[in-house]
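Structure first, commentary second.
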Amino acid sequence: MAIKIWFVFAALLLCIFLMMASVLPYLLKSFFTEQTYAMIRDSQQQLNFLTDISGEGHIEFRDDGGVGLKRNLPTDQAAPNDDPADGRLEKVQPTGYMGGPAIGHLLLVEGKAYFLNSDRSLPDSLTRRLEQEASGQLTALETNAVKVDGNTLFYAISKTSNGGSSVLISYAWSEYRNEMTGAMFRNLLLLLIAFMILSSIPCIWLARYLSGPLARMKRQVKRMSEGNWHEPFESGRRDEIGKLSLAFDEMRQRLLRQDETQQALLQNISHELKTPVMIIRNYAQSIVDGIYPRGTMEGSVDTILQESDRIMERIYELISLSRLQYVSSREVPHQWFNIADVVQGTVERLRFRRPALHWIVEPPSWRIHGNVEQWRVVFENLLDNQIRYAHRQISITASVDESRTRIIEIRNDGPLLEAAMLKDLFEPYRTGTGGQFGLGLAIVRQILTSCGAQIEVSNEQSGVSFRLKLAKEDRE
């Protein structure tokens with residue numbers, strides 16, 4: 001996981017770098033080009049080539065074609081680098097910023113060109129081109145660039161304010177811009193590599209932080225698969241991993257309860273089946289010996305048949321849930337039918353079990369699309385549960401709420417359910433007081449889920465209410 005997380009970080013940084021690499025060189029070149037022009041303009045202002053420089057001196061043209069700055073200084077204060085010819089003539093060297101480009105100056109006076117720096121680095125052809133461009137310039141200051149043998153020359157042409165008789169051309173080559181752009185780009189690349197290396201540290205920590213609880217849960221799940229249900233899932237976290245751990249622990253508790261109920265079920269089944277099997281065996285042996293426990297052959301055989309039916313009923317309940325789980329994932333034949341017919345038919349078949357009960361039956365008049373046999377099993381199991389616990393009355397009503405959800409409500413006036421029972425009443429093998437195997441309501445929920453319906457149970461003031469919520473009205 002650490003490698004995957006680091007790879008994601010590195011890929012993200014690489015994408016950012018590639019995006020910057022496509023734009024940054026252009027931005028850096030534009031920035032340093034503007035900086036070069038600004039330095040050239042500043043150097044022109046510092047030089048101040050006007051004939052009278054604030055009364056401190058003037059520019060003088062020497063016989064050898066050089067140009068100097070003549071200062072009005074006392075003789076005893078002459079600058080140490082003054083020309084030895086008169087002791088007061090300074091040579092003007094190339095100017096520029098510390099670490100910036102070397103800036104040269106070309107002065108045009110009355111058709112003559114004078115370099116204010118000792119390094120005359122401009123070719124004659126380029127000098128003539130600049131003179132022509134300066135002669136045609138209308139504004140006081142213009143900047144431009146020209147390519148010379150693969151290099152770029154940046155220059156600024158400035159006309160004097162004394163009638164335009166003098167023109168100063170300040171220039172700098174593009175080496176400074178190119179070097180600064182390359183240096184910035186190399187530094188950025190080194191920074192990216194260093195950041196990718198350093199990012200492995202938080203990536204490893206994040207991977208361990210995320211994978212540690214998952215590894216513990218993996219070990220616990222493995223122990224659960226081996227039948228050890230008793231070790232809880234504890235992560236001590238409140239994030240998504242903590243919620244996942246709580247969900248696993250809830251699953252563990254449910255599996256533990258189901259395992260306990262299955263064990264109890266096996267004991268109950270063995271007890272429930274042992275009694276009818278012993279009765280059948282004893283009655284059959286008695287008949288073989290010529291003895292009739294019920295007085296007659298017919299009575300004794302009827303008892304054997306009743307006990308056989310009892311065994312078959314238990315076996316049917318045991319296999320119903322597994323059979324429904326199998327067919328729920330497969331297509332079963334559906335058809336349109338009246339739900340009222342299923343409800344009425346189920347009530348008529350089951351009401352004889354407790355003839356004293358009062359029934360209020362107001363079935364819905366809906367036609368639904370589904371499997372008739374499955375819905376018949378739903379109402380048989382629900383009404384069998386109502387008959388077992390009702391005191392005097394069972395009611396069946398139907399309604400449609402504001403969201404057009406169809407609701408069938410089945411109530412009985414029996415004892416209220418405990419809070420713990422309400423939570424997992426529809427779990428397999430969950431039995432209440434007087435229950436048998438705990439499969440009937442689990443089968444109901446399994447069928448309704450496969451049909452896209454829901455079932456809820458709640459305690460009412462007068463008893464217990466089961467609500468079946470069907471989808472919105474179907475259209476035949």
Side-chain angles (χ1 to χ4, degrees), residues 258-327 341-359 361 372-394 396 410 412-415 425 428-444 446-447 464:
Q258 184 172 335
D259 183 65
E260 293 174 348
T261 53
Q262 284 179 344
Q263 296 297 327
L265 176 66
L266 290 175
Q267 296 177 2
N268 293 335
I269 289 177
S270 61
H271 176 74
E272 287 284 337
L273 296 182
K274 181 178 69 174
T275 300
V277 168
M278 290 180 59
I279 294 176
I280 292 173
R281 185 178 185 282
N282 292 335
Y283 271 55
Q285 186 64 46
S286 298
I287 293 174
V288 171
D289 296 338
I291 302 173
Y292 306 111
R294 286 300 181 92
T296 62
M297 170 73 77
E298 291 77 5
S300 299
V301 172
D302 287 341
T303 301
I304 293 175
L305 292 176
Q306 291 175 5
E307 296 299 325
S308 300
D309 292 338
R310 182 180 173 186
I311 293 175
M312 290 299 299
E313 183 179 351
R314 300 297 180 264
I315 294 175
Y316 175 77
E317 289 180 348
L318 287 174
I319 66 174
S320 293
L321 183 60
S322 60
R323 181 170 62 86
L324 285 170
Q325 290 175 343
Y326 175 80
V327 300
D341 296 339
V342 178
V343 174
Q344 292 282 13
T346 306
V347 170
E348 294 300 324
R349 285 188 291 106
L350 298 182
R351 73 165 63 237
F352 75 91
R353 294 187 180 180
R354 290 185 61 184
L357 287 176
H358 175 63
W359 290 77
V361 182
V372 179
E373 294 300 324
Q374 287 186 348
W375 280 96
R376 185 173 290 115
V377 172
V378 167
F379 287 107
E380 284 180 356
N381 290 353
L382 283 175
L383 294 180
D384 180 72
N385 182 276
Q386 307 301 307
I387 293 171
R388 186 179 300 115
Y389 294 103
H391 288 325
R392 290 181 295 273
Q393 179 177 291
I394 297 174
I396 304 174
I410 302 176
N412 69 76
D413 59 352
L425 183 63
Y429 317 113
R430 185 64 171 170
T431 59
T433 305
Q436 295 179 347
F437 293 104
L439 294 177
L441 295 181
I443 293 173
V444 168
Q446 182 73 25
I447 295 176
V464 180

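This one's a predicted model, so the numbers in the text were calculated from it and none came from an experiment. For the single chain, residues carry numbers from 1 onward in sequence order.
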Can you tell me how far apart [atom1] ([X]) and [atom2] ([Y]) are? Round to the nearest 0.5 Å.
X    : Y    : atom1 : atom2 : answer
R353 : L383 : CZ    : CG    : 9.5 Å
W359 : I396 : CH2   : CD1   : 5.5 Å
R349 : Q344 : CZ    : CD    : 12.5 Å
H391 : R354 : NE2   : CZ    : 9.0 Å
M278 : E307 : CE    : CD    : 11.5 Å
N282 : I291 : CG    : CD1   : 11.5 Å

Side chain to side chain contact (heavy atoms under 4.5 Å, CB included) between I410 and Q386: does it pass, once the steps are laid out?
CA-CA 8 Å; I410 302 176; Q386 307 301 307; 3.7 Å; yes
Could you report the tightest heavy-atom contact between [X] and [Y], atom names first, then the distance?
X    : Y    : result
I304 : A284 : CD1-N, 4.0 Å
V444 : V378 : CG2-O, 3.8 Å
L350 : E380 : CD1-O, 3.9 Å
V342 : R376 : CG1-CA, 3.8 Å

Report yes or no: does T296 contribute a side-chain atom to a donor-acceptor pair with the main-chain N or O of Y292 at less than 3.5 Å?
no
Taking R392's backbone N and O only, do any of them form a donor-acceptor pair with D413's side chain (distance below 3.5 Å, no angle check)?
yes
Worked check of side chain to side chain contact (heavy atoms under 4.5 Å, CB included) between Y389 and V464
CA-CA 9 Å; Y389 294 103; V464 180; over 6 Å; no
Evaluation steps, side chain to side chain contact (heavy atoms under 4.5 Å, CB included), between M297 and I287:
CA-CA 8 Å; M297 170 73 77; I287 293 174; 3.9 Å; yes
With a 4.5 Å heavy-atom cut-off, do L382 and L441 have their side chains touching?
yes
